Amino acid sequence: MCTARIASRGAGGLIALLSLVCQAAQLPAGNVRVDVAALEEKTPKAVRQPVSYVLGPDDQITIRVLQVPEIAEKPVRIDLDGNIELPYLGQVRAAGLTAEQLKKDLTERLKTFVREPQVSVGVEEFRSQPVSVIGAVNTPGVQQIRGRKTLVEVVSMAGGLRLDCGNTLNITRHMEWGKIPLPSAALDATGQFSVAKVDLKSLMEAKNPAENILVQPDDVISVPRAEMVYVVGEVPKAGGFVLQEREKMYLLEALALAGGVNRTAAPQNTRILRKSSSNADGKIEIPVDLTKVLNGQLKDVPLQPQDIVFIPGSAAKRASLRAIEAAIQMGTGVAIFHR
């Protein structure tokens with residue numbers, strides 16, 4: 001006897017295949033037994049997703065009724081209220097139902113007009129597909145995607161990436177749609193979601209097109225902000241600077257990005273404010289003689305994410321500068337007077 005308990009997409013195809021195997025083994029084809037219930041139970045949800053897809057506003061479906069030519073097999077769009085308009089039946093609620101559920105509902109309704117109506121419902125365009133895009137994008141929020149959209153397309157719909165975006169993009173997907181087709185994909189602690197990371201630089205530069213996967217309904221795409229270091233005080237361009245793909249930045253690099261130091265700075269009294277590992281709310285001060293670093297007498301100092309480099313001013317230098325400016329103004333005034 002040839003027995004099979006195999007999970008596959010189609011029981012009919014397996015029965016035919018097993019029949020051929022049994023014939024090759026010179027076994028009676030009638031002894032082939034396939035447990036269809038086991039097949040359905042073991043079939044991955046991702047395979048059954050077209051059946052379980054819930055219709056929503058702006059989806060486009062086709063409805064065909066053999067005995068009612070007025071209901072032709074032509075595209076019908078679900079309106080924003082979730083209804084469709086059909087001959088004889090008027091408004092019919094479609095949103096919130098699967099294609100199979102809508103088929104059963106229409107069959108029951110048409111029994112008033114037709115004996116044993118033969119109804120078929122197909123989904124032409126999956127348009128009610130909310131996808132959440134959050135984090136370092138220009139217009140975060142819920143995007144209603146239409147049709148097949150890739151990861152890059154959805155990020156573009158969210159206004160593109162901000163300048164302070166990080167190096168990776170995170171995707172969270174409900175297991176109803178199957179595991180995310182990426183090498184980094186893994187299940188979360190509950191086993192209900194598939195989570196994966198994508199290298200943003202590789203994605204945007206199209207180095208690996210396979211990373212630009214199709215987005216599925218209810219996906220959550222998050223783009224974390226990049227780690228930053230800050231330079232404040234006596235510098236021409238104070239502010240935060242993104243680490244980008246670099247894991248660390250050195251003091252002189254940060255100083256160059258800030259435009260150097262002002263004439264009134266006291267670089268020998270530079271301090272780095274860093275988060276304390278022992279106190280989450282506190283910071284520690286690291287004194288640095290920037291003058292010696294610039295002269296090569298001290299090694300450049302590596303910075304950590306969220307470090308704040310503070311370059312104080314010199315009161316003596318400010319006083320001297322004001323005196324020089326006053327003298328220049330006075331001299332200019334005297335020269336003009338003599339003329």
Side-chain angles (χ1 to χ4, degrees), residues 8-13 36-37 39-133 139 141-151 153-154 157-158 171-178 180 192-194 213-221:
S8 177
R9 297 189 180 183
V36 177
L39 291 176
E40 290 298 323
E41 181 182 351
K42 294 182 180 180
T43 302
K45 290 184 178 180
V47 174
R48 298 198 297 266
Q49 68 185 34
V51 178
S52 61
Y53 176 76
V54 178
L55 300 172
D58 214 24
D59 279 346
Q60 187 169 283
I61 61 177
T62 55
I63 300 172
R64 183 184 182 189
V65 184
L66 291 178
Q67 299 90 335
V68 184
E70 290 85 354
I71 303 179
E73 190 176 357
K74 61 182 180 180
V76 178
R77 192 170 302 283
I78 302 174
D79 63 26
L80 296 179
D81 295 325
N83 301 317
I84 56 175
E85 191 79 25
L86 294 175
Y88 299 111
L89 301 180
Q91 275 197 347
V92 177
R93 183 73 179 176
L97 303 176
T98 65
E100 186 63 27
Q101 289 171 336
L102 179 59
K103 172 186 172 181
K104 291 179 180 179
D105 182 42
L106 294 177
T107 301
E108 290 299 319
R109 291 171 181 264
L110 287 168
K111 284 180 180 179
T112 307
F113 310 97
V114 181
R115 180 182 297 177
E116 297 182 1
Q118 302 295 315
V119 181
S120 65
V121 177
V123 183
E124 293 295 318
E125 293 183 7
F126 299 87
R127 293 196 169 186
S128 59
Q129 303 183 72
V131 174
S132 300
V133 187
T139 53
V142 178
Q143 302 290 333
Q144 289 289 344
I145 64 175
R146 297 189 170 193
R148 293 161 57 90
K149 297 292 182 185
T150 63
L151 203 53
E153 288 175 312
V154 173
M157 291 170 62
I171 313 170
T172 303
R173 175 172 298 174
H174 201 286
M175 283 302 295
E176 177 184 357
W177 299 98
I180 297 173
Q192 298 180 0
F193 297 92
S194 177
I213 61 173
L214 288 175
V215 175
Q216 300 294 352
D218 299 316
D219 277 2
V220 177
I221 300 169

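Keep in mind that this is a model prediction, so the values were computed, not measured. Atoms considered below: every heavy atom in the structure, side chains included; atoms not considered: hydrogens, waters and symmetry mates.
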**Student:** With sequence neighbours left out, write down each residue that passes side-chain contact (heavy atoms from CB on, under 4.5 Å) with Leu97, or none if nothing qualifies.
**Tutor:**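 If we apply the side-chain contact (heavy atoms from CB on, under 4.5 Å) test to Leu97, skipping adjacent residues, the hits are Gln101, Leu102.
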**Student:** With the side chain counted from C-beta on, respond yes when Val215 and Ile221 share a heavy-atom pair under 4.5 Å apart, and no when they do not.
**Tutor:**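 Side chain of Val215 against side chain of Ile221, heavy atoms only: contact under 4.5 Å found.
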**Student:** When rounded to the nearest 0.5 angstrom, what distance separates CD1 in Ile63 from NZ in Lys103?
**Tutor:**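 Rounded to the nearest 0.5 Å, the CD1-NZ separation comes to 12.5 Å.
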**Student:** List for me each residue that meets salt bridge (charged side-chain N to carboxylate O under 4.0 Å, His left out) alongside Lys111, sequence neighbours excluded, and say none if there are none.
**Tutor:**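 In terms of salt bridge (charged side-chain N to carboxylate O under 4.0 Å, His left out), with neighbours along the sequence ignored, Lys111 is linked to Glu108.
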**Student:** So which heavy atom on Ile78 is nearest to which on Ala94, and how close?
**Tutor:**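 For Ile78 versus Ala94, the nearest heavy atoms are CD1-CB, 3.9 Å.
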**Student:** Drop me the distance from Leu214's CG to Trp177's CH2, to the nearest 0.5 angstrom.
**Tutor:**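 Rounded to the nearest 0.5 Å, the CG-CH2 separation comes to 11.5 Å.
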**Student:** About how many Å separate CG of Leu106 and CD1 of Ile84, when rounded to the nearest 0.5 Å?
**Tutor:**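 One gets 5.5 Å once the value is rounded to the nearest 0.5 Å.
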**Student:** Do Thr150 side-chain atoms and Ile213 backbone N/O form a donor-acceptor pair below 3.5 Å?
**Tutor:**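 Flag not set: sc Thr150 to bb Ile213 has no pair under 3.5 Å.
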**Student:** Kindly say whether Asn83 contributes a backbone atom to a donor-acceptor pair with the side chain of Asp81 at under 3.5 angstrom?
**Tutor:**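 Answer holds: no.
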**Student:** State which residues pass side-chain contact (heavy atoms from CB on, under 4.5 Å) with Glu85; sequence neighbours excluded, sorted by chain then number.
**Tutor:**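 Glu85: side-chain contact (heavy atoms from CB on, under 4.5 Å) contacts with Gln91.
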**Student:** Test: side-chain hydrogen bond (donor to acceptor under 3.5 Å, both in side chains). Region: residues 114-123. Which pairs qualify, not counting sequence neighbours?
**Tutor:**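 Checked against side-chain hydrogen bond (donor to acceptor under 3.5 Å, both in side chains) - neighbours excluded - no pair reaches residues 114-123.
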**Student:** Which distance, rounded to the nearest 0.5 Å, do you find between the CG of Asp218 and the OG1 of Thr172?
**Tutor:**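 Taking CG in Asp218 and OG1 in Thr172, the distance rounds to 12.0 Å.
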**Student:** Under 4.5 Å between any side-chain heavy atoms of Val131 and Val142, yes or no?
**Tutor:**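 No, their side chains stay 4.5 Å or more apart.
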**Student:** Quick one about Arg173 and Gln216 (side-chain donor to acceptor, distance below 3.5 Å, no hydrogens or angles considered), yes or no?
**Tutor:**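 Short answer, no.
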**Student:** Could you tell me the separation between the CG atom of Asp105 and the OG1 atom of Thr107, rounded to the nearest 0.5 Å?
**Tutor:**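 If we round to the nearest 0.5 Å, Asp105:CG and Thr107:OG1 are 8.5 Å apart.
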**Student:** What is the distance from atom CG of Asp58 to atom CZ of Arg77, rounded to the nearest 0.5 Å?
**Tutor:**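 One finds 5.0 Å between CG of Asp58 and CZ of Arg77.
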**Student:** What's the shortest heavy-atom distance between Ile180 and Ser194, and which atoms?
**Tutor:**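 Shortest heavy-atom contact: N-OG, 3.1 Å.
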**Student:** Under a 4.5 Å cut-off applied to non-hydrogen side-chain atoms, are Thr62 and Val76 in contact?
**Tutor:**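 No - every pair of side-chain heavy atoms lies 4.5 Å or more apart.
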**Student:** Going by salt bridge (Lys or Arg N to Asp or Glu O under 4.0 Å), name the pairs with one or both residues in residues 62-72, residues two or more places apart or in two chains.
**Tutor:**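 Of all non-adjacent pairs touching residues 62-72, those that pass salt bridge (Lys or Arg N to Asp or Glu O under 4.0 Å) are Arg64-Glu73.
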**Student:** Taking only residues two or more places apart in sequence or in another chain, which ones pass side-chain contact (heavy atoms from CB on, under 4.5 Å) with Ala158?
**Tutor:**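 side-chain contact (heavy atoms from CB on, under 4.5 Å) list for Ala158, sorted by chain: Val133, Val137, Thr139, Gln143.
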**Student:** Is there any ring pair (Phe, Tyr, Trp, His ring centres under 6.0 Å) pair reaching into residues 87-106, and which pairs are they, with sequence neighbours excluded?
**Tutor:**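 Qualifying pairs: Tyr88-Phe113.
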**Student:** Is there a side-chain contact between His174 and Phe193 in this structure, where contact means two heavy atoms from C-beta onward sitting under 4.5 Å apart?
**Tutor:**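 Yes; the side chains approach each other to less than 4.5 Å.
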**Student:** Minimum heavy-atom separation for Ala99 to Val123, with atom names?
**Tutor:**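 Closest approach of Ala99 to Val123: CB-CG2, 4.2 Å.
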